[in-house]
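One structure is given here, and the rest of the page talks about it.
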4 protein chains.
Amino acid sequence: MAVVNAPTSSAREEETLASAEQTRPAGRGRPRDASRDAALRQAAMEVLSQVGYRALTMDAVAAHARAGKATIYRRWDSKLDLVIDTCTQLVQRNIPEPDRGSIEADLGDFLRSFASFLTGPVGKAAQALVGELPHEPELAAAFRESFLLPQRDVLRRLIERGVQRGEIRADAPVDTVVEITGACLIYRLMLTDEPLDTGFVDRLVNEALMPLLHG
Amino acid sequence: MAVVNAPTSSAREEETLASAEQTRPAGRGRPRDASRDAALRQAAMEVLSQVGYRALTMDAVAAHARAGKATIYRRWDSKLDLVIDTCTQLVQRNIPEPDRGSIEADLGDFLRSFASFLTGPVGKAAQALVGELPHEPELAAAFRESFLLPQRDVLRRLIERGVQRGEIRADAPVDTVVEITGACLIYRLMLTDEPLDTGFVDRLVNEALMPLLHG
Amino acid sequence: MAVVNAPTSSAREEETLASAEQTRPAGRGRPRDASRDAALRQAAMEVLSQVGYRALTMDAVAAHARAGKATIYRRWDSKLDLVIDTCTQLVQRNIPEPDRGSIEADLGDFLRSFASFLTGPVGKAAQALVGELPHEPELAAAFRESFLLPQRDVLRRLIERGVQRGEIRADAPVDTVVEITGACLIYRLMLTDEPLDTGFVDRLVNEALMPLLHG
Amino acid sequence: MAVVNAPTSSAREEETLASAEQTRPAGRGRPRDASRDAALRQAAMEVLSQVGYRALTMDAVAAHARAGKATIYRRWDSKLDLVIDTCTQLVQRNIPEPDRGSIEADLGDFLRSFASFLTGPVGKAAQALVGELPHEPELAAAFRESFLLPQRDVLRRLIERGVQRGEIRADAPVDTVVEITGACLIYRLMLTDEPLDTGFVDRLVNEALMPLLHG
DNA sequence: GATTAATCGAGACGGTACGTCAAGTCTTGAT
DNA sequence: ATCAAGACTTGACGTACCGTCTCGATTAATC
């Protein structure tokens, strides 16, 4: 998977996609125009959320960004690579971690903000990638690392703080609650035609998460 | 969306995809060979589960079924249409409804069998379609009707029988439990690299569903 | 090459296309509808003179004649076969042989009538076939036998009568004159945009044919 | 009709096909690879003379030239267009104009070389196009301009030199002789199974053309 | 009069070529 | 070495046609 500002040939697969931003060694010729990165990613995002992954064409992205296709392929190896990087780029540091002293308040805050984030263009883009996951291990890894894990980790920390505060019983099924939470958000986002809104989040917290945690 | 054995132009969109099998009004020419329907659907299923949706080509399906491409396009409007119909066709009547007199036993039975069904080729195919849902309203409707609703309905009936038997408190959050169940299955199937197996199902029932129902 | 009213499998290649009309042995089932022959030939002729050989489709011919394609293929082996037979059918007995006692009058009469015949639909059809001649030996043979030879023979007889009457010197280059005549008619018909009309025929006779014959 | 190195949309129909070679206005992208033009034309010529016009497929031409089909369609609008251009390209400057001081020698020289040219692949290709002439006015114009007119013009000049030298009577039917000559060559080339060889040319000159010119 | 078999229109069938379009690579001149 | 532009190969797309086959419905000759 190509990495922005790194020679395509360099293999640094072990790194996280998130830390992809990196500079070319030094170079003798004209330096890369960093503004093209942003323009291309934005173009990709626009096209992706408008027509979906399958109907996204590299020519369309190039045209949207008034760029040449080579300028894209100099940065990313493939259409898939471009889309992955574009999406993960946006997820980074978009996950706030509330700490208001109450597990119920923290849960609500976090889920509401995460839900509204998923409702945006990133959510649409993510959905477009789901179909590719089984046949693209790299994509699958990146997807989990960028979309699933961070949300999971924040959530787990929230709950653990609640445990330490004594709000939650010690033997609460944390893993299960975390999984349920992620699953329900994604489910509504991608499969159901029901809204992923505040009402839903509140109901989820009150009827499922809190009861399970309180035992 | 084209319907087998009905002229493509005929609009009977209101019907369920499941009941799609239908005969042309009268027709004086050579009738459609019903065995081609099956052969094509099977070929589509094979190719789909082998290489995924994006890499599935109509030529490959045609070759697999020893059919001409026109024979495919006579029945379905597009690659997407073929795949949708092929999948929904398979989901029908694959959902058993256990009734062993105990909500816990019924839940376990049902989830185990549904999970193993999802793990099969149909699940793989379904995943390939998720990315298209936002841009294909018809597909979305068919998907929900075939994949989501039947499972939901069976589950709800299971729970309601439990309520009637007095196993479950009357004010249990049935809708939420139903949604959680579906969401968790799909989540594991499509997004996580963790297995959708018996252990997972049992844990889900014991740690989440039963507690929520018992209150 | 198939022959009307004869089983396709019967090989009677030695016969002239012209004598193609022939009856099936006896047969037990429903007899061929002779009126379909004519309808199909006429339909073929119409389509051929309208859109040319390449753009002629069997479906179009069938539709024009309100016939099924099988009804065509029962009579002719292929598109080419149909067209050949249709054309040669029309050439037969369309070549009058004038005998007014003067070579000049006979020549003029004959060429005028032949020219007007060529100007009709048969000429258009014939032109459509020229491109196939090099790759279809059977067609080439039929074409020569039906289009070229009869005209040549009549012409040669006309000239020989002139020789016998003493109008023409005995050592006139008859073969060459005959060839020139045919060549010039075809040339104007197929390649030139100049008309194949009475004026042209008269000029040909006066400026070329008669001088050559008189020496 | 498309023109090499000119955008297909540009309408410069008034120009001769022969002068078709032309450069795009300025163009900032990668310029057309001129070597592909030649490779494609040669491939077309090879396929054409091997299998004929009808059996010529664009895929075959592309494969022969190791080119993509898009590369063909970027230059020519259709199979017919490709073939026309390929042929007319070859005719240009293939017509020598002998001047040995004697009409008889000049005629013989010219006809022999033209006949041997026609006997080659270009002649075969030309034949394949005759059937399309009535339905393709552009083709017809190009065909006449490339195949018919140049030969006619050279011939007429030959004869006129003979007139000026006093070899030929002033009132010789030049037009008719010219037309006869072209007609007889084409006739043998395309319709007859008799050879278009030296013997035929000599006979034509001796028995028809010279007598008509000498009166 | 019932049977039989070949015909009829209609149109589905396998196959092949069509002309279009997208992915990813390469080549211009210019910066 | 980069940029925009766009030509390049490859390969799938969905359409159209050929020649074959299959359906129900005629239509004679045979039984």
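Just so it is clear, the structure is predicted and the values come from calculations on it, not from any experiment. Just so it is clear, the values below take in all heavy atoms, side chains as well, and ignore hydrogens, waters and symmetry mates.
Each of Ala67(C) and Ala65(B) was matched to the nucleotide of DNA chain E holding its nearest heavy atom; the match closer to the 5' end belongs to Ala67(C). Across the interface with DNA chain F, nearest-nucleotide mapping of Asp33(A) and Lys79(C) shows Asp33(A) to be the residue nearer the 5′ end.
Arg66(D) has its CZ atom 6 Å from the P atom of dT10(F), to the nearest Å. In this structure, CG of Asp59(B) is placed 13 Å from C1' of dC18(E), rounded to the nearest angstrom. The interatomic distance linking His64(A) (NE2) with dA4(F) (C1') rounds to 17 Å, in whole Å. As a whole-Å value, the separation of Asp81(A) CG from dA23(E) P is 14 Å. Look at CD1 on Ile72(C): it is 13 Å from C1' on dC17(F), rounded to the nearest Å. Put simply, CE on Met58(C) is 16 Å from C1' on dC21(F), counting in whole angstrom units. Computed from coordinates, the Asp77(D) CG to dC18(E) P distance equals 15 Å when rounded to whole Å. Going from atom OH of Tyr53(A) over to atom P of dA22(E) covers 15 Å, rounded to whole Å.
Remark: side-chain polar atoms of Arg36(A) are paired, donor with acceptor, to backbone N or O of Ala65(A) under 3.5 angstrom.
Considering all non-hydrogen atoms of both residues, Ala43(A) and Val61(A) come closest at CB-O, 3.6 Å.
Here the side chains of Gln127(B) and Pro134(A) are in contact, with some heavy-atom distance below 4.5 Å.
Here the nucleotide nearest the side chain of Arg32(B), chosen from dA17(E), dC13(E), dC3(F), is dC13(E). Set against dG24(E), dC13(F), dC21(F), the side chain of Tyr73(B) has dC13(F) as its closest nucleotide. In the set dT31(E), dC18(E), dA5(F), the nucleotide with an atom closest to the side chain of Thr57(D) is dC18(E). Relative to the side chain of Arg30(B), the nucleotides dT9(F), dA1(F), dT22(F) differ in distance, and dT22(F) lies closest. In this structure, the nucleotide among dC21(F), dG24(E), dC18(E) sitting nearest to the side chain of Ala70(C) is dC21(F). Here the nucleotide nearest the side chain of Ser78(D), chosen from dT26(F), dA12(E), dG19(E), is dG19(E).
The phosphate of dC3(F) has OP1 or OP2 within less than 4.0 Å of a side-chain N or O from Arg75(A). Phosphate proximity of dA12(E) to Arg36(B): absent, as no side-chain N or O sits under 4.0 Å from OP1 or OP2.
Here Glu132(B) pairs with Arg54(A) under the salt bridge (Lys or Arg N to Asp or Glu O under 4.0 Å) rule; sequence neighbours left out. Glu46(D) pairs by the side chain to side chain donor-acceptor pair (under 3.5 Å) definition with Gln42(D), His64(D), not counting sequence neighbours.
Across all strands, Thr71(D) comes closer than 4.0 Å to base atoms (heavy-atom distances). Counting any heavy atom pair closer than 4.0 Å across all strands shown, Lys69(C) reaches a base atom. Contacts of Leu56(C) with the nucleic acid, taken as non-hydrogen atoms under 4.0 Å apart, involve only primed sugar atoms and P, OP1 or OP2. At a threshold of 4.0 angstrom between heavy atoms, the contacts of Ala62(D) with the nucleic acid are absent.
Cation-pi geometry between Lys79(C) and Tyr53(C) is met: under 6.0 angstrom from the ring centre, within 45 degrees of the axis.
A side-chain N or O of Asp33(B) and one of Ser35(B) form a donor-acceptor pair less than 3.5 Å apart.
A salt bridge links Asp85(D) and Arg41(D); the closest N-O separation between the charged side-chain nitrogens and carboxylate oxygens is under 4.0 Å.
In the helix from dG1(E)-dC31(F) to dT31(E)-dA1(F), the end axes, each obtained as the rotation axis mapping the C1' atoms of four pairs onto the next four within a five-pair block, lie 20° apart to the nearest 10 degrees.
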